[in-house]
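In what follows, a structure is listed as structure tokens, so that the remarks can point back to it.
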Amino acid sequence: PTEKMLRHDVPVDIIVTPTRTIRVTHKEIPKPTGIYWEDLSPDKLSQIRILQVLKARIEKEQGFALPTGRAEILPPTAMRGEKGKGKSKGKGKGGGKG
């Protein structure tokens, strides 16, 4: 439903399944024209490294700060690098009897 899309949402052009490729035609749904910095909160920006780098580069080149969105409380995200830490009793290299 296009009425639920926000201005930063990107409509899909192709849907690929194991058995089909569906080309979606939706000329009435506009695609974003860039990054809406004023909608991007400092918390969200801090979670997306490439946007931090891009924002810093643009600000340096233009000589002024880009707008920033309002602060928001984001839902917790999964911690990266936690899988596989500690001693495991599952299958794998070493530790097995045989």
Side-chain angles (χ1 to χ4, degrees):
T2 58
E3 60 274 358
K4 293 190 177 195
M5 291 183 71
L6 301 175
R7 73 179 184 150
H8 66 267
D9 291 333
V10 179
V12 297
D13 294 319
I14 300 173
I15 300 169
V16 180
T17 73
T19 58
R20 293 179 63 192
T21 298
I22 304 164
R23 299 201 181 276
V24 181
T25 56
H26 44 64
K27 295 178 181 171
E28 70 281 356
I29 304 172
K31 291 187 178 182
T33 58
I35 298 169
Y36 303 112
W37 299 106
E38 63 276 10
D39 293 344
L40 193 58
S41 73
D43 290 334
K44 188 66 173 177
L45 181 64
S46 73
Q47 295 180 359
I48 308 171
R49 177 89 176 117
I50 189 65
L51 289 181
Q52 294 171 29
V53 172
L54 180 60
K55 186 174 190 226
R57 180 184 298 171
I58 293 170
E59 289 175 336
K60 182 177 180 182
E61 289 173 359
Q62 294 185 351
F64 61 87
L66 293 171
T68 302
R70 297 183 312 199
E72 64 179 324
I73 298 173
L74 299 173
T77 57
M79 297 298 293
R80 292 184 180 194
E82 294 297 317
K83 186 176 181 180
K85 290 199 173 189
K87 295 184 178 181
S88 173
K89 294 186 180 185
K91 295 180 181 178
K93 292 184 180 180
K97 294 181 180 178

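All values reported here derive from a predicted model rather than from experimental measurement. Sequential numbering from 1 along the given sequence is applied to the chain's residues.
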Closest heavy-atom pair and its distance - [X], [Y]:
X	Y	result
Gln47	Gln52	N-NE2, 4.1 Å
Thr68	Lys55	OG1-NZ, 3.3 Å
Pro11	Pro30	CD-O, 4.2 Å
Lys31	Asp13	NZ-OD2, 2.6 Å
Trp37	Leu51	CH2-O, 3.7 Å
Arg70	Ser41	O-CB, 3.0 Å

Any chain of hydrophobic side-chain contacts (each under 4.5 Å) joining [X] to [Y]?
X	Y	answer
Ile50	Leu45	yes
Ile48	Ile58	yes
Ile22	Val12	yes

How long is the gap from CD1 on Ile73 to CG on Asp43, to the nearest 0.5 Å?
8.5 Å
When rounded to the nearest 0.5 angstrom, what is the spacing between CG in Leu40 and NE2 in His8?
9.5 Å
Answer yes or no: are there more than 12 heavy-atom neighbours, outside Arg20 itself, under 6.0 Å from its atom CZ?
no
